[in-house]
Amino acid sequence: MVSTEPREAGADRGSGSERFVSGVLPILLAGLLWGSTGTAASFAPAGASALSVGAANMGIGGLVLLVVAGRSVLPVLRGGARAWRTVLGGAAAVAVYPLAYYTSMHLTGIATGTVVTVGSTPAFTKLCEVIGERTMPRARWVGASAVSTAGVALVVAGQRHPADGPHGAGETAVGVALGLLAGAAYAVYSYSAGRLIRRGAASRAVMGVMFGLGGLMLVPVLVVTGGPLLSTRSGLLVAGYLALVPMALAYLLFGRGLGHVTASTAATLILVEPVAAAVLSVVVAGEHLDPLGWAGIVLVGVGLLILDDRE
């Protein structure tokens, strides 16, 4: 069965350079900003929990996006039951994502938690497209994703934690499972946002509504767990950075890009995030990446180079 819904605006129009500037580049920039989240979170006060950091990131950041969107959200809110189902499903995924993601990084380390989460998103996102639009993956996307995902696996294998903070097998297993849950949540909200944008909604309005509602869902978590994070100057700086830069700014860039490439292409492009996370975790947070991990970074880059953004 072939989907009767229109493809993403711009996905099949314009030159390759136009698609790159309008679609690929904003998503790559968003991925680089997201790659800083784990290292930034490592500067949170010792008593701050992963749940509080995650809730501050997308809770506060989501409300900022809603404010930035302003009255532009009204057409989305008036879109009827079909639009509301998509918005609420995406918003629930927005709320799940940071809680699973930051806990995964806490249990497995910055690079590994990021790599598992982001490395799993292309498959989950393509599954959303297969189920929702009856579209099958093309060979070039499969090849690019396979190469990049292999690189992600090598980054995990090449990651070494500081000597004073090894992670046990049980914690690692739970952290990996939570990373997969975060990857699935990312796939749901990116696919949901892309679907609304394809129907003609403005990307800023979609991001404002979806992340604003997700942020409201996270407020109770922040109220319960956020004391140690929000009661110190360093904690407020961490929360402010996470909410404004890798959350609000990055998702505005991501929403812009989703209007010009498919959700599955976007999911493969953001495999640049674990590369940035791995480099920052080594340079700033004291983790170690052996030659196998650096080879994985190269593979991720190769996969991005062969990706066809018209998929």
Side-chain angles (χ1 to χ4, degrees), residues 8 27 30 33-34 37 50-103 117 121 124-125 128 131-132 178 181-226 229-230 239-240 242-259 263 266-267 270:
E8 289 81 339
I27 291 173
L33 292 177
W34 290 331
T37 57
L51 292 179
S52 69
V53 173
N57 174 24
M58 297 188 85
I60 298 173
L63 296 178
V64 169
L65 283 177
L66 181 58
V67 171
V68 169
R71 294 175 61 86
S72 69
V73 304
L74 294 179
V76 179
L77 295 176
R78 295 167 181 161
R82 185 185 184 193
W84 269 102
R85 284 195 298 270
T86 304
V87 166
L88 290 176
V94 166
V96 169
Y97 174 80
L99 305 181
Y101 176 50
Y102 282 91
T103 305
T117 296
T121 57
F124 283 126
T125 308
C128 287
I131 294 173
L178 288 172
L181 175 61
Y186 168 89
V188 170
Y189 71 67
S190 63
Y191 172 74
S192 299
R195 194 167 193 177
L196 289 169
I197 293 168
R198 290 197 301 276
R199 294 174 185 166
S203 63
R204 179 176 295 187
V206 170
M207 291 299 171
V209 169
M210 190 172 295
F211 284 86
L213 290 176
L216 288 174
M217 296 178 191
L218 288 167
V219 167
V221 179
L222 184 59
V223 170
V224 172
T225 65
L229 178 67
L230 302 179
L242 291 174
L244 296 177
V245 180
M247 174 59 203
L249 175 58
Y251 276 102
L252 287 174
L253 290 168
F254 183 68
R256 174 178 173 81
L258 275 179
I270 57 104

Aromatic contact, Tyr191 with Phe124 (centres under 6.0 Å):
no
Using 0.5 Å steps for rounding, measure from the [atom1] atom of [X] to the [atom2] atom of [Y].
X      : Y      : atom1 : atom2 : result
Met207 : Leu66  : CE    : CG    : 13.5 Å
Met247 : Ile60  : CE    : CD1   : 11.0 Å
Arg82  : Arg195 : CZ    : CZ    : 6.0 Å
Ser190 : Leu258 : OG    : CG    : 6.5 Å
Leu229 : Leu51  : CG    : CG    : 11.5 Å
Phe211 : Leu63  : CZ    : CG    : 12.5 Å

Heavy-atom side-chain proximity of Leu213 to Leu216 below 4.5 angstrom
yes
Report yes if some heavy atom in the side chain of Val209 is under 4.5 Å from a heavy atom in the side chain of Leu196; otherwise report no.
no
Quick check: closest heavy atoms across [X] and [Y], and the distance to 0.1 Å?
X      : Y      : answer
Ala56  : Ala243 : O-CB, 3.9 Å
Val64  : Ala248 : CG1-CB, 3.9 Å
Leu230 : Ala239 : CD2-CB, 4.1 Å
Ser52  : Leu222 : O-CD1, 3.8 Å
Ala30  : Ala250 : CB-O, 3.3 Å
Ala187 : Thr121 : CB-O, 4.3 Å

For the residue pair Phe254 and Tyr186, does the interplanar ring angle fall in the parallel (under 30°), tilted (30 to 60°) or perpendicular (over 60°) class?
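Judged by the thresholds at 30° and 60°, the geometry between Phe254 and Tyr186 is tilted.
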For residues 91-102, which side-chain N or O atoms pair as donor and acceptor with protein atoms under 3.5 Å away, sequence neighbours left out?
from   : atom 1 : to     : atom 2 : distance (Å)
Tyr101 : OH     : Thr37  : OG1    : 3.4
Tyr101 : OH     : Thr114 : OG1    : 3.1
Tyr101 : OH     : Glu273 : OE2    : 3.2
Tyr102 : OH     : Asn57  : ND2    : 2.8

